[in-house]
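Beneath this line is the structure, given in structure tokens, with notes to follow.
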Amino acid sequence: MINITLPDNSVKQFEEGVSALDVAKSISEGLARNVVAAKINDEVWDATRPIDGDCSIKLLTWNDPEGKATVWHSSAHLMAEAIEALYPGAKFGIGPDIESGFYYDVDLGDRIISEADFKKIEDKMKELAKKKQTFERVDVTKDEALKFFTEKGDEYKLELIKDLEDGSITFYKSGEFTDLCRGPHIPNTGILKAIKILSVAGAYWRGDETRKQLTRVYGITFPKKKELDEYLELLEEAKKRDHRKLGKELELFTFSQRVGQGLPLWLPKGAALRERLETFLKKVQKKAGYEQVICPHIGNVDLYKTSGHYQKYGEDSFRPITTPVEGEEYFLKPMNCPHHCEIYKHKPRSYKDLPVRFAEFGTVYRYEQSGELHGLTRVRSFTQDDAHIFCTPDQIKDEFKGVIDIIMHIFKALNFSEFITQISLRDPNKPEKYIGSDENWEKAESAIKEVAQERGLEAIIEYGEAAFYGPKMDFMVKDALGRKWQLGTIQVDYNLPERFDLNYIGADNEKHRPVMIHRAPFGSMERFVAVLIEHCGGNFPLWLTPEQAIILPISEKYQNYAEKVLNLLDNYDIRAQIDNRSEKTGRKIRDAELKKIPYMIIVGEQEEAEGTVSIRRHGKGDLGKYKIEDFAHLINEEIKELLGK
RNA sequence: GCCGUUGUAGCUCAGGGGUAGAGCACUUCCUUGGUAAGGAAGAGGUCACGAGUUCAAAUCUCGUCAACGGCUCCA
């Protein structure tokens with residue numbers, strides 16, 4: 001008999017060789033039907049695999065992340081089986097589960113899979129799933145494994161097996177399909193009720209561009225059709241919110257082939273919106289003791305040799321600009337820090353001056369591979385809401401606090417209520433990878449952890465994710481569709497102060513090395529605006545939106561009154577326009593709704609007589625009549641609430 | 001950068017070896033109206049760019065550029 005500890009810490013006795021599925025059955029049949037895998041001593045196992053000793057157990061269902069992963073991994077096998085049946089002789093690379101679904105890399109010879117074939121594969125998968133095929137785990141020796149795939153003629157699997165240790169190799173058999181696989185898998189394919197092939201793309205074998213390109217087939221499965229439908233709806237919704245689509249429709253930005261790829265052109269409405277974001281942050285930063293600086297867009301090659309960026313990225317940058325007579329070399333600036341270091345250096349600094357905080361909306365240029373460019377999220381020219389704080393090691397903690405407060409303020413003003421904080425620290429096993437003294441690292445790392453706690457942030461700590469020059473804290477927001485986006489970042493840097501030989505005179509009258517902190521709450525204006533567009537679906541917060549209100553006169557007779565209203569609103573700093581086309585009100589409302597203007601102000605005979613306005617809220621409908629001043633207050637109160645003042 | 005797909009009016013898209021189509025947007029006229037599309041007329045395109053094949057190319061072929069979906073990369 002063996003002892004199995006359940007999640008509630010109760011211990012039950014079972015025969016040796018019992019499976020997690022048996023354990024589930026002993027609790028309830030209903031539970032057993034939903035079990036897809038089990039965590040045995042923190043390792044995910046097949047629910048059907050015999051347990052041969054004392055252990056703790058957690059039964060996993062579709063609702064556990066590991067359960068989903070297992071379901072999708074098994075789905076990948078099912079898809080491979082379907083593809084093998086439909087395309088005999090297909091060879092298989094790897095087929096893992098991913099964040100949403102799974103894929104399998106397939107070599108089909110000269111056959112191709114296109115969207116038109118998806119249905120065929122889905123149908124085959126459904127047919128196979130209905131058979132409730134089990135997944136049979138088989139231990140094999142390396143020789144057996146090699147023999148099997150040599151006979152099958154699958155060189156990809158052979159290559160994978162060659163890297164594996166004998167004794168650790170397992171096959172999984174389900175139906176007609178046998179795969180090299182570590183597992184675990186679901187008890188049988190019956191749970192896979194809703195199946196969708198999503199897309200197909202090329203992918204290099206083992207991510208190596210010198211190797212053969214395989215066909216990567218993406219799919220997703222769910223235990224219930226309803227869940228699949230919801231997922232497909234989410235994809236549709238994401239498409240509707242795509243910032244590239246909305247950016248065009250709302251006239252925020254555009255691109256021109258003639259200007260060049262990855263170089264965004266901000267249209268008047270987009271530029272105004274971005275300016276409001278900048279003004280907002282500038283105000284906050286001024287209060288927090290930042291000073292604005294301005295730097296040129298190019299820098300001498302020596303600047304980047306000093307910073308070390310030339311050695312590291314010189315080849316992957318835009319080619320240098322050379323002066324015609326002297327032959328000097330300049331680079332488009334790929335970051336602002338080296339310039340800011342020189343600003344720090346322009347005069348001797350005392351410990352009494354620290355911290356100094358230089359802020360700049362600095363436009364930088366980076367050569368990104370052409371296939372990488374994507375809307376505003378990946379561009380070749382972008383503006384960082386950058387600032388560099390030069391401080392003593394003891395001041396790191398307070399400075400982090402200050403930056404976190406700014407970031408939280410921004411998230412609130414822009415309705416990002418869900419976010420993830422990540423702290424990246426050294427890999428304790430590889431201290432040689434990092435520059436800077438142990439003592440300083442220790443100090444900075446514990447400061448960051450303490451600050452996170454004091455500010456009530458539930459931070460994920462990642463060891464080994466720090467940059468070689470210092471630890472950092474990143475913020476990822478979750479948008480309205482639950483997608484995660486990396487935005488703000490705070491990074492400690494011991495490297496540049498060293499390279500630029502920055503110093504300050506301490507109380508002891510000796511020179512000391514300051515610490516540098518890079519920080520960008522938005523990240524970049526381009527990326528941030530893109531994320532914001534997708535987060536709010538183009539319905540920007542009232543303080544930010546291009547047009548806050550539009551006045552819709554019922555007919556031309558009320559044009560004068562409309563202008564009077566406009567003037568009054570202008571006095572309250574409310575951005576509004578008049579739609580004076582000779583269209584019916586219904587039409588004007590429809591157009592204003594489509595333009596996502598938050599407030600529609602209808603004025604006609606009644607309003608003019610009473611000195612009021614009729615208000616309609618975007619997406620909500622008629623709000624009734626207001627006095628103009630009351631309406632202005634309504635708007636300004638709404639804004640105040642967001643900006644928290 | 002690599003593989004695949006795509007490129008026709010400001011936008012969304014149809015068509016396709018014999019000189020260009022729709023809806024919306026735009027302009028003008030009529031209409032002066034009460035909470036998601038009033039009517040009529042008009043204007044608008046080297047069919048991404050460059051070569052080639054052909055009596056004839058927007059259409060076929062090749063190349064270039066760009067966008068899209070992935071891969072690799074991201075100070």
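Chain identifiers are assigned alphabetically (A, B, ...) following the order of the sequence lines, protein sequences preceding nucleic acid strands; residue numbering begins at 1 within each chain.
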Original post:
According to the side chain to side chain donor-acceptor pair (under 3.5 Å) rule, which pairs have a member within residues 332-342 of chain A, sequence neighbours left out?
Top reply: A/K333-A/N336, A/N336-A/Q384, A/N336-A/D386, A/H340-A/E360, A/H340-A/H388
**OP:** Tell me, please, which residues at least two apart from A/Y87 pass ring-ring contact (aromatic ring centres under 6.0 Å, His included).
**Re:** none
Subject >> Geometric cation-pi criterion A/R617 and A/Y599, 6.0 Å radius, 45° cone >> reply: yes
Subject >> Side-chain donor or acceptor of A/H243 paired with backbone N/O of A/L376 under 3.5 Å >> reply: yes
Original post:
Considering only side-chain heavy atoms of A/P334, which listed nucleotide, B/A75, B/A67, B/C73, is closest?
Top reply: B/A75
Original post:
Just checking, any donor-acceptor pair under 3.5 angstrom between side chains of A/T383 and A/R274?
Top reply: yes
Original post:
Between A/R216 and A/Y103, is NZ or CZ placed under 6.0 angstrom from the six-membered ring centre and within 45° of the ring axis?
Top reply: yes
Original post:
What is the per-nucleotide protein-contact pattern of nucleotides 28-41 of chain B, from the 5' end, where B denotes a base atom under 4.0 Å from a protein heavy atom, S denotes such proximity for sugar-phosphate atoms only, and - denotes neither?
Top reply: ---BBBBBBBB---
Subject >> Lys/Arg cation over aromatic A/Y310: A/K305, 6.0 Å, 45° cone >> reply: yes
Original post:
Relative to the 5' end of RNA chain B, which residue comes earlier, A/Y365 or A/Y218, by the nucleotide with the nearest heavy atom?
Top reply: A/Y218
Subject >> Consecutive-pair stems (at least three Watson-Crick or G-U pairs, under 3.5 Å) that include RNA chain B >> reply: B:1-7 with B:65-71, B:10-13 with B:21-24, B:26-30 with B:38-42, B:48-52 with B:60-64
N/O contacts under 3.5 Å, protein versus nucleotides 3-12 of chain B?
{"residue": "B/C3", "atom": "O4'", "partner": "A/Q213", "partner atom": "OE1", "Å": "2.4"}
{"residue": "B/U12", "atom": "OP1", "partner": "A/K248", "partner atom": "NZ", "Å": "3.3"}

Subject >> B/G21 versus B/G39 - spacing of their P atoms, nearest Å >> reply: 24 Å
Original post:
To the nearest angstrom, how far is A/D242 atom CG from B/A67 atom C1'?
Top reply: 12 Å
Original post:
Taking for each residue the nucleotide of RNA chain B with the nearest heavy atom, is it A/Q369 or A/G262 whose nucleotide lies nearer the 5' end?
Top reply: A/Q369
Subject >> Between A/Q422 and A/K472: side-chain donor-acceptor atoms closer than 3.5 Å >> reply: no
Original post:
Does A/K484 NZ have over 12 foreign heavy atoms under 6.0 Å away?
Top reply: no
**OP:** Using a cut-off of strictly less than 4.0 Å between a heavy atom of the residue and any atom of RNA chain B, enumerate the qualifying residues of residues 519-535 of chain A by number.
**Re:** none
**OP:** Assign A/F255 to base, sugar-phosphate, or nothing according to its heavy-atom contacts below 4.0 angstrom with the strands shown.
**Re:** nothing
Subject >> Rounded distance (Å) that lies between atom P of B/C71 and atom CD1 of A/I94 >> reply: 11 Å
